[in-house]
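Reminder, nothing fancy here: chain letters follow the sequence lines and each chain counts from 1. Quick caveat: nothing in here was measured; it's all calculated off a predicted structure.
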Amino acid sequence: MRFSGDLSDEELLKAVMQFRRGAVQALGEERTAEIEVAIAEAAGAVARLSQLTFSRTDLPGFYLNDFAESDPK
Amino acid sequence: MTQASLASATVIAREIRDGHVTAVDVVSKALERISATDDSIKAWETLDYDGAIAQARMADAALNRGETLGPLHGVPVGVKDIIDTAGVRTSMGSPIFNDNVPALDAAVVARLKGAGAVVLGKTVTVQFAMSDPPRTANPWNPKHTPGGSSSGSAVAVASGHCPIALGTQTAGSVNRPAAYNGVTGFKPTYGKVSRRGVFPVSWTLDTVGWMTRTVTDAALTLDVLEGRDNADPATVHRNGAASYAAALAGEDVQVPRLGVIAGDIERTTSTEMQAHMFEVIEYLRQGGNWVEMFDLPMSYLRIRDAGLVIQAVEVAEVHRELFDERSDDYAPGARTRVEIGKTLPGSAYVQAQRLRRQFRRDMDESMTSVDALIMPGAVGPAPADLSTTGDPAFYSPWTTAGLPTISIPTGISRDGMPLGVQLVGRGHDDMRLLKAARWVEQRVRYQPTLPPLAHIA
C-alpha cells in the first residue's frame with residue numbers, strides 16, 4: 001500500500017463539490033443543503049481514501065475473505 | 001466493602017449458589033432499585049417484571065433440586081433494545097418497531113438464559129444504534145451526555161440496576177458509554193460472538209459487547225457468549241476450553257507488556273484526561289518495567305475514513321426498503337447517515353475494505369511485542385452537550401479492524417465525571433487482553449461508587 005500524503009485545501013474543496021453534486025442528484029438540493037456537514041465529512045473521507053494505492057496482486061483473495069477468518073489458533 | 005447494588009455478577013452468582021440469598025431476592029431488589037431511580041435516569045425501554053420474577057423462581061427451584069443452571073445462575077442482566085428477546089418488545093429505539101415483539105431470543109440472549117441469567121428487560125438504545133441523542137440521562141450529571149448508542153446498558157450498570165448489560169459496537173457504542181458512565185465496557189474480537197437476532201447497523205463492523213462492573217465479569221460473560229453459530233457466518237469456533245474468568249482468578253495475573261499510544265491520540269485528548277492518563281501510567285509503572293511507546297502503522301492515518309465509509313454504505317443497504325417507506329419516521333442523525341450511504345461510490349467502499357484489512361494485518365504484525373495497547377478511555381469526560389453522543393474517534397479504528405477493546409474506569413474528573421483508560425488487544429487473543437486489563441484494574445484499585453442520580457432517597 002502506498003500513501004500519497006495529505007490533501008491540500010484545494011483538493012479537499014474540489015472533492016466536496018464533486019460529492020455534493022452527486023448528493024444533489026440523489027437527494028435534491030433542499031435536502032443536500034440540510035446535511036452539508038455530513039456531506040463534507042463523507043467527501044473528505046472518500047478523497048483521503050482515494051489517495052491510497054494498493055497493488056492489484058497484493059494478497060489475492062485477501063479482501064474477499066470473511067473478515068473474522070483470521071484466528072491463528 | 002462494595003455497596004450491595006454494585007456487587008459484581010461473580011459475587012452475586014456465588015452468593016446465590018451458596019444459598020446466602022435467593023435469585024428472587026436479588027431480582028426483586030434490582031427491580032425495586034430500577035423503579036426508584038429510572039424516572040430520572042431512563043435507562044430502560046421495557047421492563048419484564050413478571051418474566052424476570054418467573055425466571056428467578058425457576059433458578060431458585062433448580063437450586064433447590066441441587067442443580068446449577070450455569071455461571072450466571074440468578075444474575076440479573078439488561079439487554080440493549082436492538083437485540084431480540086422472545087416475547088418482550090424490541091423497538092430498536094424507533095417508532096417503526098414500537099409494537100415489535102420477537103418470537104425468538106437472539107443467540108446471545110439464549111446463551112445468557114442458558115447460563116442462568118435473568119433478563120430484566122430492554123435497555124434504551126439510540127435509534128437503530130446510530131447517533132441521535134438518547135433520552136437516557138448520564139447519572140453522574142444529567143447535563144452531560146451518557147454516550148451512545150448503548151446508552152441504557154451503560155447507565156443501568158453504573159446505577160446499580162444490574163451487573164451485566166449487553167450492548168453492541170459499530171464504532172464506539174460500547175466503549176464510549178462505558179467510559180462516560182464509569183463502568184467496564186468490553187468489545188470482543190469481531191467473530192467471537194454471534195449476532196443472530198441483533199438488528200444490524202453494519203454487517204462487517206457490528207460486534208456484540210457488554211458493560212460490567214469488573215474485568216472478571218467481562219471475562220465471565222465472554223465465557224458464556226463465545227462460540228461459532230452457523231446463523232452468523234462471521235463467527236469462529238471457540239479457541240479451546242479454557243475459561244477466561246478462571247484465568248483471571250487469584251492474585252497472580254502476570255505483569256503485561258503494555259504499549260502506550262501517543263501521537264495523534266495524545267494531540268486530541270483533553271488536558272484533564274491527558275493528565276489523568278499520565279497519572280495512571282506513572283502509577284502502573286511502579287508495577288514493573290513493562291511499558292513502551294507504541295507507534296501506530298501508517299494505515300492508521302486513514303482508518304477512521306474507512307470506518308465511516310463502510311458503516312454508511314452498509315447502513316444504507318440495511319435500511320434501503322424501510323427507509324423508502326418510512327423516511328419521515330427516522331431521527332435526523334439516522335436519516336442523514338442512510339442518505340450519505342446512498343450517495344457514496346462503490347469504489348470508496350472497496351478501498352475502505354482493503355484498507356481495513358491492511359490495517360488489521362499491520363496491527364497484527366506490530367503488536368507482537370506487546371500484550372495490549374493502553375490509551376485514554378475517551379477524548380475527555382462525557383461532554384456537557386446533550387445534542388451529541390460524543391466523539392467515536394478513540395474507538396472506531398479498533399472496531400474497524402475487528403480488534404478486542406476494553407474500557408476500565410480509573411477515576412473522577414474535577415467536575416465529578418468518570419475518567420478511565422482503554423486497552424486494545426491483539427485480534428483473537430481476547431484472553432491476553434483480559435489478563436492485561438485485570439492487571440491494570442488490580443493495580444489502580446479504583447472503587448466505583450453509585451452516581452448521584454442513582455441514590456435512593
Do B:Thr145 side-chain atoms and B:Thr388 backbone N/O form a donor-acceptor pair below 3.5 Å? yes
Is there a donor-acceptor contact under 3.5 Å from the side chain of B:Thr268 to the main chain of B:Ile265? yes
Name the region of [X], side chain, backbone, both or neither, that has any atom closer than 4.5 Å to a heavy atom of chain A.
X        : answer
B:Ser299 : both
B:Ala312 : neither
B:Leu344 : both

Option that, when pairs with chain A are counted at under 4.5 Å, heavy atom only, ranks first among B:Gln351, B:Arg302, B:Lys342: B:Arg302
Could you look at A:Gln51 and say if it's the side chain, the backbone, both or neither that has a heavy atom under 4.5 Å from chain B? side chain
Tell me, side chain or backbone of A:Leu49 under 4.5 Å from chain B's heavy atoms, or both, or neither? both
Residue among B:Thr399, B:Thr207, B:Asp206 satisfying side-chain hydrogen bond (donor to acceptor under 3.5 Å, both in side chains) with B:Gln169: B:Thr399
Spatial distance of atom CG (B:Leu373) from atom CG (B:Leu296) [nearest 0.5 Å]: 7.0 Å
Taking atom types as modelled, is there a side-chain donor on B:Thr336 or B:Glu339 under 3.5 Å from an acceptor on the other? no
Counting heavy-atom pairs closer than 4.5 Å to chain B, which one of A:Gly44, A:Ala47, A:Ala38, A:Ala43 comes out on top? A:Ala38
Once you measure the plane-to-plane angle for B:Tyr300 and B:Trp398, does it fall in the parallel (<30°), tilted (30-60°) or perpendicular (>60°) bin? parallel
